[in-house]
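Some notes on the structure that comes next.
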Amino acid sequence: MTSEETADRIERRREGLSHWKWLTGVWLILTAIIEPVIYFLIWPHLPPGNMTSSARGAQFDMMVLTMIAAPVMVAVLAYFAYALIVFRHPKGRPLVDGPPLRGNLRVQTAWITITSAIVMGAFVFGTYELIVPAGAGGAEGPSPIWTPASHTELPVQVIGQQWIWTYRYPTFGGFETTQLMLPNNTEIAFHVTSLDVIHSFWAYQLGVKADANPGVDDVAFTQTNQLGRITVRCSELCGIWHGAMYGYGEVVSPSAFETWAKAMERRLAPATRLLPPFAWTYTPSANGAGGGYYPQTDPYYDKTLYDQGRSGPEGNLPALRVEKSQRVG
Amino acid sequence: MQQSVLTALLGSAIGYLVGHWLGNLIASGYPVVQSSGYNNVAIVLGLCFGVVGWMVGIGTMNYPLAKLVGREPVPESPTEGWTRFFKMTLDHKVVGMQYIVGVLMFFFTGGLFAMAIRTELLSPTTHYWGPDTYLQLVSEHGTIMMMMATSLVVGPFGNFLVPLMIGSRKMAFPRVEAASFWIFMSGFLVILAALPLGGFNTGWTGYAPLQTEAKQGMDCYLVGFAVIGTGMILNGFNQIVTIVNYRAPGMRWTRLPIFVWSMLATSFLLTLATPVFFGAVYFGALDRTVQTAFFVDAHGGSSFLWENLFWFFGHPEVYIMALPGFGIVAEMLPVFTRKPLFAYKVGAAGMFGVALLSFFVWQHHLFQSGINPDMRPLFMLTTELISIPTGFIYLVGMGTLWKARIRYTVPMLFCLALYFNFLIGGVTGVYLSDVPVNVTVHGSFFVMAHFHYTIMGGLVFAFFGGVYYWMPKMTGHMLNDRLGKIHFWFMFVFFNFTFFPLFIVGLLGMPRRVFEYAPRLAHLNDFSSISSFVLGASFLIFVANFVWSIWIDPKPAPQNPWDSKGLEWQVPTPIPYDNFKRIPIVLADPYHYGEPDALPVADLGGELGLASVGAAGPSAAAGAGTSRTGAGDGQSRIVGGGPDE
Amino acid sequence: MSDAPAALDVHAEAEFELQNAEGAIWTATRLLIGIVTFAWSAVAFAYFYLRAVDPAQLWRPHGTTPPVLLGTLVALGVVGGALINAYAAPRLRRGETADWIFATSVTVGLGLLAAGLQVWQLTRLSFFPGVSGYTSVFIGFAGLNIAFILGGTYWVETLLARAIRLRPALAAEGGPGLSTLPAAREFRASLEGCTYFWWYMAIISVLFWFLFYVL
């Protein structure tokens, strides 16, 4: 290698270093501006608010992810902006080839290491935030494995059907309403199920979402810690009035809830008797509603086999929770 | 009578009538048909026979039937003139151009549906369409766009470019190639046939209990996806076989253009994921016709079965819609930066990493469904892992831009737009993969905006970049630069104006596919809707540009207008029927910009000679010397790698 | 092709393209098996998923067994076809074309018979398709199986027809099993793939026979 070439290489290296200095400087300044903005100004306004433990958790997680994502996006965008301005081909000049850089082991290794580290960090953080707050308000299926420590949660059954949400309160005789009332400072266990197609129970302010599947008891936990109104929407397409399938509710003080629930239980008792007995899931064949399979008209119907699937706890309300935990074990 | 689109239409009409008649003959006596008044058997059989009639009419069945009596294939004589675009042809270049028009038909139809959706969402409560019509529009839009996007690049550019890039004279199975295109077009007719049959209201995901109870338009969804799926399998199958077997001598795997790598990875997804979905729609059709109970919970089926099968296909499909875009961008960047592709091997490995991982992430669509809730951390991990190989494409792009000589041509603008849009789409994907945050954003407009940023912001921008870039080679005419730039800026700005507000709308609590929403979201929705109309209008600029540059004021394009070193640019325009007079001997990869000692990309031999090989400079002569004499050091570089290496 | 000449002459080009075509058939056959495997995996997944999840305790009530004898005959037909195919292919390569043509005709017959029996079995079911998960998956399996067997039979039939048509032209060179003409070489590549595919069909048939009639 001639000394001329060496000098040329050193020159190019110096030029490269100055590019890096500029880029790092811009990135540091922008990051230093953006990160506090996210933490102090944006975090309190991130959805879905902080009415419940799961909503607050989602808000926190969103803030953390944003604080991770912002520097990455700033780095990429700053790099592109810089490159597009500095490395452009001047108009009207003859076409010249750029330096033949086919790769750079250090840059590639650094890139892979950094992205892997970010991803693994996000994974560990996300898993922690999922498991510790008992599923973070998400659907946990019929036998949840991440449950609240207290085990004193209020069960609320959410029934989706085309195109309305109704709620049954098994600890109050299983009455059914269209309004979601919840006591404050209480662990709630939503048991979401459907009578027809797949719906998705989305209580926005509670930070809860769980699909309502026919024949499935889908459980989601949260803890209320603020009074306020709730909006419930269906977030899974369920037919023509999917867009109109919304309802409202309220988180009230525990004593107000107790009064309301007792009053409703009394007032609705005549209607409750006409409802199918409380169960974790309902199928059209069990109560004869909505058409479907009628075992008594089926020549191959085998009652013993069929009844195994019907061994629900109907009419035996106090045993509900026991039956549930047995299934878990 | 010569077989063309006309005979195909005739064949499909006859086929439909025969199938419908047969279906009525078989099923009209059953109580379920009599009591409902719907005979899905007739519709499904009608559609299937219609597709067969279409394929017979266009001529794709001629050889398969002749094979039954042992006939050898009849070689096709090259044809000229515009009528060849309306016939079955064995010329991969014509198929590629047919595909461009075909996917644009899908794209513009789907785009009109999109604007109809945005019209409804102009107001939170006033309705321009009824809820049923609205859902039909949503479902048609989603389905048509998904069908389009799976073939958007693999169809047009895959078929047109892969043989040219690897130095082959044809695709491995030209009849399969033609069949893949024509069955793709019959899918267009099938899915539009849903509208007169009452449409379907399940969205493109077609979730099961709703699917089972939906109107007869649903049959069009099921048959349509089976048909499109067949086309996807055939196309991907053909691409893999071609890329593996038809590379010219010297086209080692390390010299393969990155676009071909992306086609290979995509094709593996197409061929292996689609059959599962084929099974799923087959089960769905059985549920609706012969009354099986795959997806009926009360009868021993499960609605989860559809969700699992659908997303097992559906997630690889998402990457079917991303990888080709990466391929196009990575292929164009070296040309417009005058630099070799940075970290070529990492880029190719990244594409295969994405392809492999995409088979293990499907349940992230089902985080809130109650399926295997204890598996959520695993699927969160795989989903987040996939962002590592996806990030390689940024490494490749950013490295290539370093100290480059960037030319802001229209294709380059589209390339850069992909990097901007996909950054937003990718980062929001990390939010979706995080289960606690997913609780809020799942099923909302946030998801909707996210995948529009990746699919439209990524793939569709790459597609249009590719159209501007390769059009001179395809048609021999440059598209107008000024109109192209106007198109780009309108499309880029109003794409972002349309979809960025929808992230916010989703975070504020608006679920997908609703026709009513909270009045406080009206301003954001209006902004998005009006932007979407301008976005739609920007494609008129493209159409005008196309018409202007090809027909009204055609200017012949030079053989290699962008000064690319790619093999596809070294053949004359218009490309001869056999592409290469002699099979080229590949000497180098197509990215040797700024390497004065490099050999030209290939020795094309014959009368083209090495003198015409690109802007290879003085080294071309040296390369010619060594390749002709085959002596000395040049020998090992030239002949070192055969196709079997 | 590791020592490809620097410039291929016309004959070398023809040979090169023929080798590409042979390689393409090889790759295509293996890939086809991959594609079909994924399609079958949808059925297998439905089988095991519904069997395991079984939400309504209705996986397989009594009286929902399809005719076992017919099902067994279908599977036997496919296995027999594969065996005959495997027996006949080496004979073709030794130049015993007539043997191969006879054996392959039997394979075609067995394929058609198996598909026909599968259709007949569908008409002899003692249950309604939607009464349980098992019956649903069975109907799905049967329909796909008919298409699958017919597809394999189509392939072997086209080879048979091609061999019969090529036979006079290739007779001087020892028939399609020995000739070095391009048509014969492509024919052999396809035959080799077809033999593989029939083995694969046999495996699938036995597997699903076990799932539906034994397990």
Side-chain angles (χ1 to χ4, degrees), chain B residues 64 67-72 168-169 172-173 233 237 240-242 244-246 249-250 271-280 282-283 286-287 290-294 296-302 304-305 308-309 312 582-583 585 603 605 626-630 635 638-639 641-645, chain C residues 1-8 13 16-17 19-21 23-28 31-32 34-43 45-46 49-50 53-61 128-137 139-140 143-144 154 157-158 160-166 183:
Chain B
K67 261 179 115 169
L68 274 176
V69 290
R71 291 236 163 85
E72 298 295 313
S168 164
R169 286 172 172 162
F173 301 112
I233 295 171
F237 168 81
I240 292 175
V241 176
T242 307
V244 171
N245 290 290
Y246 276 78
T271 45
L272 299 184
T274 317
V276 177
F277 187 46
F278 190 91
Y282 166 62
F283 297 157
L286 286 183
D287 268 12
V290 302
Q291 312 293 317
T292 53
F294 281 98
V296 186
D297 290 77
H299 295 211
S302 169
F304 287 162
L305 179 62
N308 270 314
L309 289 174
F312 183 80
R582 305 291 305 278
I583 292 177
I585 310 288
D603 173 9
T626 45
S627 76
R628 292 265 159 71
T629 57
Q635 177 79 27
I638 296 158
V639 302
D644 296 333
E645 186 174 86
Chain C
M1 286 305 296
S2 55
D3 53 352
L8 299 167
E13 281 196 359
F16 178 73
E17 289 191 324
Q19 285 185 12
N20 285 352
I25 293 171
W26 193 95
T27 316
L31 193 58
L32 186 67
I35 293 170
V36 179
T37 303
F38 271 78
W40 277 119
S41 71
V43 180
F45 181 81
Y49 193 81
L50 293 185
V53 174
D54 194 9
Q57 309 288 311
L58 264 178
W59 162 245
R60 194 175 174 183
F128 186 72
V131 290
S132 73
Y134 171 88
T135 56
S136 301
V137 182
I139 300 283
L144 203 58
Y154 168 80
E157 200 282 336
T158 56
L160 180 65
R162 200 174 178 190
I164 292 172
R165 201 172 273 270
L166 282 175

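Just so we're clear, the structure is a prediction, and the values are computed from it rather than from any experiment.
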Locate the shortest heavy-atom distance separating [X] from [Y]; write the atom from each residue and the value.
| X | Y | value |
| --- | --- | --- |
| B:Pro64 | C:Tyr154 | O-OH, 2.6 Å |
| C:Glu13 | B:Ile583 | OE2-N, 2.8 Å |
| B:Leu68 | C:Ala161 | O-CB, 3.2 Å |
| B:Phe294 | C:Ser136 | CZ-O, 3.0 Å |
| B:Phe283 | C:Ala42 | CE1-O, 3.7 Å |

Check whether [X] gets within reach of chain C through its side chain, its backbone, both or neither, counting any heavy atom under 4.5 Å.
| X | result |
| --- | --- |
| B:Leu272 | both |
| B:Phe237 | both |
| B:Leu286 | side chain |
| B:Arg71 | both |
| B:Tyr282 | side chain |

Of B:Phe277, B:Phe312, B:Phe278, which is the lone residue that meets side-chain contact (heavy atoms from CB on, under 4.5 Å) with C:Phe38?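 Checked B:Phe277, B:Phe312, B:Phe278 against C:Phe38; only one passes side-chain contact (heavy atoms from CB on, under 4.5 Å): B:Phe312.
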Chain C contacts, top residue of B:Gly301, B:Ala172, B:Gly279 (heavy-atom pairs, under 4.5 Å):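 Ranked by heavy-atom pairs under 4.5 Å with chain C, first place is B:Gly301.
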Top contributor to chain C contacts, counting heavy-atom pairs under 4.5 Å, from B:Thr274, B:Thr271, B:Ile233, B:Ile240: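 Most heavy-atom pairs under 4.5 Å with chain C: B:Thr271.
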So what's closer than 4.5 Å to chain B heavy atoms on [X]: side chain, backbone, both or neither?
| X | result |
| --- | --- |
| C:Ala21 | both |
| C:Ile164 | neither |
| C:Leu166 | side chain |
| C:Arg165 | side chain |

So, taking the atom named NE2 in B:His299 and the one named OG1 in C:Thr135, what distance separates them when rounded to the nearest 0.5 Å?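 These two atoms lie 10.5 Å from each other.
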Would you sort out whether C:Glu157 and B:Lys67 count as a salt bridge (Lys or Arg N to Asp or Glu O under 4.0 Å), showing the intermediate values? CA-CA 9 Å; C:Glu157 200 282 336; B:Lys67 261 179 115 169; over 6 Å; no
Would you say that C:Val36 contacts B:Pro275 through its side chain, given a criterion of any heavy-atom pair below 4.5 Å between the two side chains?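 The answer is no, as the side chains (C-beta and beyond) never meet within the 4.5 Å cut-off.
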Any idea which of C:Ala24, C:Gly143, C:Gly23 has the most non-hydrogen atom pairs under 4.5 angstrom with chain B? C:Ala24
